[in-house]
Amino acid sequence: MIRSLALLCLAFAWLPVAHAQIPADPSLEPATTVSPATTGGEPGPADWTAYGRDIAATRYSPLDLINRDNVAKLRPVWGYRTGELPEQEVVQKKWAPETTPLKIGDNLYLCDALNVLVSLDAGTGRERWRYDPRVTTDHIPYSATCRGVSYYEVPDAPQSAPCKRRIIEGTLDAELVAVDADTGRPCAGFGNGGHVDLMEGMGDSVPGYVAVTSPPTIVRGVAVVGHQVLDGQKEDAPSGVIRGYDAVTGELVWAWDMGRPGETGLPEGDEVYTRGTPNAWTTFTGDEALGLVYVPMGNSAVDYWSGNRREFEKPYSTALVAIDVTDGEVRWVFQTVHNDVWDYDLGSQGTLVDFPTEEGRTVPAVILPTKQGDIYVLDRRTGEPLTPVEERPVPASPLPDETLSPTQPFSVGMPSLPRETLTEADAWGVTPLDQLWCRIQFKRANYQGMYTPPSADRPFIQYPSYNGGNDWGGAAVDTARNILVLNYNRIAMHDQLIAREKANEKGMVPLGVPGGTTSSGGSVPQAGSPYAVSISAWRNGFTGVPCTRPPFGGIMAIDLRTREVLWNEPLGTARRNGPFGIPSHLPLTIGTPNNGGPVITAGGLIFIAAATDNLIRAIDIDTGEVVWQDVLPAGGQATPMTYEVNGRQFLVIVAGGHHFMETPAGDYVAAYSLPAKGDPKLPDFLKD
C-alpha cells in the first residue's frame with residue numbers, strides 16, 4: 001500500500017549484420033586457443049589512471065579495504081569546490097560537468113565544466129595547482145561538460161624533465177591542452193605553448209558547434225580524439241573527423257575522414273575535412289597490444305531523416321569502428337543501427353574483457369551496450385560477434401522521400417536492458433485524468449515498436465528513447481568474477497517531423513544564422529533536409545508525469561559465463577520528485593532517470609550515483625541490495641572512482657548536477673572513506 005502511494009506521488013521533471021565490412025588484418029585473426037589478453041597500460045591497484053580506470057574501461061578496482069562488512073561506516077572525509085559555478089541563467093540551463101577524476105600516485109586530476117584543470121592531494125583534497133585554459137561560455141554547446149582528462153608519461157624523458165608526466169584534455173572551444181602533471185604549467189613543446197587547435201582543417205564554424213567533451217584515449221603514444229558536433233542543426237555541419245595526435249609534440253599523426261579515403265593528413269589549400277559526417281563525442285577505449293582504438297560513432301548531421309546521406313558515410317553511422325593508431329586505418333566496423341534516424345548514436349564506452357566462451361577458453365572481446373538496450377559482445381581483433389546477433393524485419397517509413405533499412409540487428413545472445421513493447425494499457429499517470437491524457441496521446445501517435453519510423457503527419461513514440469538504455473556512463477565489469485553491471489533509462493519520447501515550409505514559418509534556423517541557438521532538444525531545424533523535428537519526453541503536459549509506468553531507470557547485473565541476469569533493480573528514490581516538480585520527500589525506491597555509470601570493487605560493492613535523487617549509494621554485487629547511501633550537495637550525474645593512499649581506500653565523486661536531468665548545479669568534489677584519526681574538518685556542504 002505504501003509503495004502504491006509512493007508511485008501515485010511520483011512525477012519526474014522531465015540488411016545482414018554489418019560487421020567486418022572492412023577486411024580484417026590477417027594477423028589479427030582468432031587463434032585456436034586464446035590466453036588472457038592484456039590491453040596494456042594497466043594501473044597499479046591503488047590508482048585510477050584513465051576515465052574507465054584503465055583504457056579497457058572496466059571500471060573495476062581490486063581494492064577491498066571498503067567492503068560489505070564495513071561499508072555502513074563509510075562517511076565523507078574531505079571536500080573541495082572548484083570555484084566555478086554557473087552565474088548566468090543561460091549557463092545554468094547548460095551545466096552538466098559529468099566529470100570522473102584520475103588518481104596517479106598521491107595526486108587527483110580533474111576538470112570542471114569549463115575545462116579548468118585542477119590537481120588535488122588525493123589524501124586530503126588540498127589543491128596543489130590549477131590551470132585555466134580560459135574557455136568562454138559562448139563555446140558551450142548543448143552542455144557545459146568535461147567528462148575527464150588523460151594522463152601520459154613520456155617514456156624516454158628524464159624523470160626530472162618538464163612535462164615528463166602530463167595531463168591532456170580536450171576543451172569546449174576545440175583545443176587539446178597539455179600541462180605538466182606536477183606543476184600545472186603548459187607543456188611548451190606540445191603544439192603552440194601547450195595548446196593544439198582542433199579547428200584546423202574544419203572549415204566554417206561558429207562557437208558552440210564543435211566541442212570536445214570526453215578525454216582523449218592514448219594508445220602507443222597517440223592521443224586519439226573525437227568531438228561533439230551540435231545535433232540537429234544542418235546537413236552542412238562541421239566534420240566528424242577522428243584524429244590522432246602525438247602525445248609528446250601535439251603534431252597530427254593521422255586523421256580518419258571517411259569522405260577522403262586514403263588521405264590521412266591535414267586538408268590542403270581550400271579543402272576541409274568532409275562536412276556533415278558522423279561524429280564520435282563519447283569516450284573511446286584502446287588496446288595497447290593490438291594497437292587499436294575503439295570508436296563509438298554517432299549518426300550523420302541530420303538525426304531524424306536520411307534521404308540526403310551519402311553512401312560513403314552510411315556504414316560508419318552508429319557503428320563501433322576499430323582504428324589502427326599507427327596509421328589511422330580502419331581495421332573493422334560493426335554497425336548497431338542501419339541508417340539510423342532515431343538518434344541512437346553510440347554513447348557508451350566499450351569495455352574490453354577476456355570473454356569466457358562455452359568451450360572454456362577466453363577471447364579478447366569488447367562489450368558494447370546501446371541506447372536501444374542491446375548488449376553486443378565482439379571479438380576485438382576482428383569485430384566478429386561472439387554471441388548471436390539476428391537481423392529482424394522492422395517497419396518501413398511512411399515518408400515518400402525516405403528509405404529505411406528493412407531489417408535491424410538484435411543481440412539475441414545476451415540479455416537486453418528492459419524495453420518491452422508498449423501498449424495503450426501501459427499509459428500511466430498519477431491520476432485517472434493523467435492516464436486518460438496519455439492514452440489519448442498514444443492512440444493519436446504513430447507507434448510500431450522500437451524502430452517506429454519518424455512521421456510528419458502525426459507524432460511518433462520512440463521507446464527506448466535517445467537517452468534510453470545505456471548511455472555515456474557505460475558499463476562496469478568485475479573481471480575476477482565475470483559480472484557485467486549496467487544502469488539504464490526507461491523513458492519514452494513523443495516526437496514529430498515538421499515540414500520545411502512550416503519550420504520556416506516558425507523561424508527554425510540553425511546555429512550561425514540570426515535566431516539560431518545551441519539547443520539540441522525541443523525543436524531543432526535540421527536545415528538542408530525537408531524536415532525539422534520536435535523532440536520531447538512523453539509525459540503529461542499538466543503534471544509533468546511520464547506516460548510510461550515506473551520504474552523509469554534501473555541497474556542490473558549479468559553473469560558473462562552463463563549470459564543470465566543475476567538481478568535487476570530500480571535505481572533511484574522519489575525523494576526529489578513529485579507532481580508539478582514538487583519533491584515528494586518519499587525515500588522509497590521507484591527508479592528514476594539516471595546519467596553516470598557504476599564502478600565495482602573487489603570488496604563486493606558497486607558504487608553509483610547517477611539518479612535524480614542526489615544520492616550516492618553502495619550496492620551488494622551479489623544481491624542488488626543498497627547497503628549504504630549518502631546525500632550529495634548537488635546532482636551526482638557523474639561516474640565515481642576509487643583509489644588507495646597510505647593504506648586507506650577512498651571513494652570520490654564530482655557532484656556537479658545536470659541541466660537535462662534537472663538536478664541542482666554544483667562545483668563539489670566529495671571524498672568518502674572509513675573514519676580515521678586526523679581527518680580534516682568537513683566543509684559545510686558535506687555536513688549532515
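Below, each value reflects all heavy atoms present in this structure, side chains not excepted, and no hydrogens, waters or symmetry copies.
A heavy-atom distance below 4.5 Å is not found between the side chains of Y488 and P464. Side-chain atoms of L571 and T592, non-hydrogen and from C-beta on, never get closer than 4.5 Å to each other. The closest side-chain heavy-atom distance from H494 to Q441 is below 4.5 Å. The closest side-chain heavy-atom distance from Y531 to Y304 is not below 4.5 Å. Side-chain atoms of V241 and T274, non-hydrogen and from C-beta on, never get closer than 4.5 Å to each other. Side-chain contact check for F442 versus W538: some heavy-atom pair is nearer than 4.5 Å. Side-chain contact check for L290 versus R381: some heavy-atom pair is nearer than 4.5 Å. With contacts defined as side-chain heavy-atom distances shorter than 4.5 Å, the pair L346/T282 does not qualify.
Judged purely by atom type and a 3.5 angstrom limit, R331 has no side-chain atom pairing as donor or acceptor with the backbone of T382. Using modelled atom types, no side-chain atom of S205 and backbone atom of Y209 make a donor-acceptor pair closer than 3.5 Å. Remark: the backbone N or O of G240 is paired with a side-chain donor or acceptor of T277 at under 3.5 angstrom. Judged by distance alone, the side chain of R59 and the main-chain N or O of G52 form no donor-acceptor pair under 3.5 Å. At distances below 3.5 Å, not a single donor-acceptor pair connects side-chain atoms of S405 with backbone N or O atoms of Q408. Between the T213 side chain and the T145 main chain, no donor and acceptor come within less than 3.5 Å of each other. In terms of modelled atom types and a separation under 3.5 Å, the side chain of R380 and the main chain of A365 share a donor-acceptor contact. Under a 3.5 Å cut-off, the side chain of D426 and the backbone N or O of T423 do form a donor-acceptor pair. Formation of a donor-acceptor pair under 3.5 Å by the T639 side chain with backbone atoms of G597 is found in this model. A distance-only check finds a donor-acceptor pair linking the side chain of T336 to the backbone of T318 [under 3.5 Å].
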Side chain to side chain donor-acceptor pair (under 3.5 Å) evaluation trace for Q233 with D231 = CA-CA 6 Å; Q233 297 298 308; D231 277 350; over 6 Å; no

message = As a quick check of understanding, evaluate ring pair (Phe, Tyr, Trp, His ring centres under 6.0 Å) for Y142 and H659, giving each step before the final call.
response = CA-CA 10 Å; Y142 176 64; H659 69 101; 4.9 Å; yes

ask   = Could you walk me through whether E505 and K502 pass the salt bridge (charged side-chain N to carboxylate O under 4.0 Å, His left out) check?
value = CA-CA 5 Å; E505 293 174 358; K502 188 172 183 180; over 6 Å; no

request  = Please report the C-alpha distance between D374 and R419 in whole Å, then the side-chain angles of each, then the deciding distance to 0.1 Å, and finally whether the salt bridge (charged side-chain N to carboxylate O under 4.0 Å, His left out) criterion is met.
outcome  = CA-CA 10 Å; D374 279 308; R419 60 174 189 204; 3.2 Å; yes

message = What verdict does the side chain to side chain contact (heavy atoms under 4.5 Å, CB included) test give for V224 and V325, after you've listed the backbone C-alpha separation in whole Å, the side-chain angles of each residue and the deciding distance to 0.1 Å?
response = CA-CA 8 Å; V224 184; V325 296; 4.1 Å; yes

request  = Please test W342 against F460 for ring pair (Phe, Tyr, Trp, His ring centres under 6.0 Å), starting from the C-alpha separation and ending with a verdict.
outcome  = CA-CA 11 Å; W342 300 273; F460 64 98; 8.8 Å; no

query = Can you list the steps and then say if D340 with H338 is a side chain to side chain contact (heavy atoms under 4.5 Å, CB included)?
reply = CA-CA 5 Å; D340 181 5; H338 309 318; over 6 Å; no

inquiry  = Quick one, W567 with I619, criterion side chain to side chain contact (heavy atoms under 4.5 Å, CB included). Give me CA distance, side-chain angles, the key distance, then yes/no.
reply    = CA-CA 12 Å; W567 49 261; I619 298 172; 4.1 Å; yes

request  = Determine, stepwise, if the pair T370 / I375 fulfils side chain to side chain contact (heavy atoms under 4.5 Å, CB included).
outcome  = CA-CA 6 Å; T370 66; I375 302 169; over 6 Å; no

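A side-chain hydrogen bond (donor to acceptor under 3.5 Å, both in side chains) with Q637 is found for one member of N595, N594, T663 and no other, namely T663. Here the rule is side-chain hydrogen bond (donor to acceptor under 3.5 Å, both in side chains) with K371, and of N467, D343, D345 only D345 fits it. Each of I558, V485, I483 was evaluated against L566; a single residue qualifies, I483, per the side chain to side chain contact (heavy atoms under 4.5 Å, CB included) test. The residue from E391, Q372, M450 that alone fulfils the side chain to side chain contact (heavy atoms under 4.5 Å, CB included) condition with F410 is M450.
Contact detail for S348 and L368: the closest heavy-atom pair is O-CD1, 3.9 Å. Residues F334 and P385 share a closest heavy-atom pair of CE1-CG, 3.8 Å. Closest approach of S143 and A96 over heavy atoms only: CB-CB, 4.0 Å. A pairwise comparison of heavy atoms in P593 and I491 identifies CG-CG1, 4.1 Å as the closest pair. Taking every heavy atom of both residues into account, S306 and N339 meet most closely at OG-ND2, 3.0 Å. A pairwise comparison of heavy atoms in E402 and G307 identifies OE1-N, 3.8 Å as the closest pair.
Under the 6.0 Å cut-off for aromatic ring centres, Y316 and W256 qualify, their centroids lying closer than that. Taking the six-membered ring for Trp, Y344 and Y466 have ring centres at least 6.0 Å apart.
With rounding to the nearest 0.5 Å, the separation of CZ in R490 from OG1 in T548 is 7.0 Å. Summarising the geometry, atom CD belonging to Q349 is positioned 10.0 Å from atom CZ belonging to F284; distances are rounded to the nearest 0.5 Å. The structure places CH2 of W281 at 5.0 Å from CZ of R147, a figure rounded to the nearest 0.5 Å. For the atom pair CE (M414) and CG (L386), the distance works out to 10.5 Å, reported to the nearest 0.5 Å. Rounding to the nearest 0.5 Å gives a distance of 10.5 Å between CZ of R458 and NZ of K443. With rounding to the nearest 0.5 angstrom, the CD1 atom of I498 is 13.0 Å from the CD atom of E501.
Within 6.0 Å of CD on E359 lie more than 12 heavy atoms contributed by other residues, nucleotides or ligands.
A salt bridge between R310 and E313 is present, with a side-chain N of the basic residue lying under 4.0 Å from a carboxylate O of the acidic one. A salt bridge does not link E420 to R549: none of the charged nitrogens lies less than 4.0 Å from a carboxylate oxygen. Ion pairing between D559 and R561 fails under the 4.0 Å rule for side-chain N and carboxylate O.
The aromatic rings of F552 and W428 stand perpendicular to each other, their planes meeting at an angle above 60°, with 30° marking the opposite boundary.
A search for side chain to side chain donor-acceptor pair (under 3.5 Å) contacts involving R439 returns nothing, not counting sequence neighbours.
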